[in-house]
Amino acid sequence: MTQRKGLPGLRPIRERLELSQAKLGALCGKGRSEDFIRHLETGFRDCSQTVQRELAEALCCTVSDLHGELTDDRLKQIFRAYHLKQAEEAGAA
C-alpha cells in the first residue's frame, strides 16, 4: 500500500490567509467540503493534479508550495498576492 502524504503546505497557507477549511472548500467550488480540505491537509486523501491547480489558484500560490515546507517570506508573498487578488476582484464587482 502506498503511503499518502497529502499537501503539507496547504494548512500553513490556509491559516496564514485566515481561511477556514469550509471557506477554502467554497473558494475551490465544485462542492469541495470542509471534510475534503481536512483530508487533504492530514494526508488522509490524495488529490489529482487538477484539484491541486484549483487550490493553488484559489490561494494565489504554486502547486509546489502546496507540497513543500514554506518559509515565512514565502507565506508573506502568498498573503500579499491573495489579498491583492481579493481587492482587485472586489473593485471589479
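The first residue in the sequence is number 1, and the count goes up from there.
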Mind running side chain to side chain contact (heavy atoms under 4.5 Å, CB included) on Leu59 and Leu24 for me, showing each step along the way? CA-CA 8 Å; Leu59 295 169; Leu24 177 55; 3.6 Å; yes
Going hydrophobic residue to hydrophobic residue with side-chain gaps under 4.5 angstrom, can you get from Leu70 over to Leu66? yes
Does Lys85, at its NZ atom, have more than 12 non-hydrogen atoms belonging to other residues, nucleotides or ligands within less than 6.0 Å? yes
For Glu34, the side-chain hydrogen bond (donor to acceptor under 3.5 Å, both in side chains) test, sequence neighbours excluded, returns none
Does Asp72 have any salt bridge (charged side-chain N to carboxylate O under 4.0 Å, His left out) partners at least two apart in sequence or in another chain, and if so, which? Arg16, Lys76
Sequence neighbours left out, what passes side-chain hydrogen bond (donor to acceptor under 3.5 Å, both in side chains) with Arg38? Give chain and number order. Gln21, Asp35
Name all residues meeting the salt bridge (charged side-chain N to carboxylate O under 4.0 Å, His left out) criterion together with Glu57; count only those two or more places apart in sequence or in a different chain, and write none if there are none. none
All pairs passing salt bridge (charged side-chain N to carboxylate O under 4.0 Å, His left out) where residues 58-69 contributes a residue, at least two apart: Asp65-Arg74
Which ring pair (Phe, Tyr, Trp, His ring centres under 6.0 Å) pairs, counting each pair once, include a residue from residues 57-79, with sequence neighbours left out? Phe79-His83
Assess the residue pair Leu55 and Val63 against the criterion (side chain to side chain contact (heavy atoms under 4.5 Å, CB included)); give the C-alpha distance rounded to whole Å, side-chain angles, the decisive distance to 0.1 Å, and a yes or no. CA-CA 8 Å; Leu55 286 166; Val63 170; over 6 Å; no
Applying side-chain hydrogen bond (donor to acceptor under 3.5 Å, both in side chains) to Ser64 and not counting sequence neighbours gives Thr62
Under 3.5 Å, side chain of Gln52 to main-chain N/O of Cys47, donor-acceptor pair present? yes
